[in-house]
Amino acid sequence: MPKSRIRKKADYTPPPAKQSTAIKLNSRGWVAPVMLAMFVIGLAWIVVFYVTDGSLPLQQLGNWNIVVGFGFIAAGFGVSTQWK
């Protein structure tokens, strides 16, 4: 039986190196302080409302003061989506 030909394989050549591109992240140093401030303001608003039996921060709002406090907290979560 005839012997098959031996094929010469080319040496391994790695693919060309990709040039890395610098990723520029926008400076968003304001996000964390604003987010934390909104959380603290919302929490303080609710705590003050409960501690003063509804006479503070705004007596005219009544139980809507709780909604205002949670609104500040929700706004803090909204700002947190901008954090990178």
| Partners of V40 by side-chain contact (heavy atoms from CB on, under 4.5 Å), sequence neighbours excluded? | none
| query | What distance separates F77 CZ from M38 CE, expressed to the nearest 0.5 Å? | reply | 12.5 Å
| field | Residues in side-chain contact (heavy atoms from CB on, under 4.5 Å) contact with L58, at least two apart in sequence or another chain | value | W45, Q60, L61, N65
| message | Using the side-chain contact (heavy atoms from CB on, under 4.5 Å) criterion, which residues pair with V31? Sequence neighbours excluded. | response | R28, V79, Q82, W83
| How many angstroms lie between atom CG of L36 and atom CD1 of I41, to the nearest 0.5 angstrom? | 11.0 Å
| said: Check for me, please, whether V67 and I46 land in the same ILVMFWY cluster - side-chain distances under 4.5 Å, paths through other members count. | reply: yes
| note | Residues M35 and G76: closest non-hydrogen pair is CG-O, 3.5 Å
| query | Hey, does F72 have a side-chain heavy atom less than 4.5 Å from the side chain of F39? | reply | no
| field | Min side-chain heavy-atom separation I73-F70 under 4.5 Å | value | yes
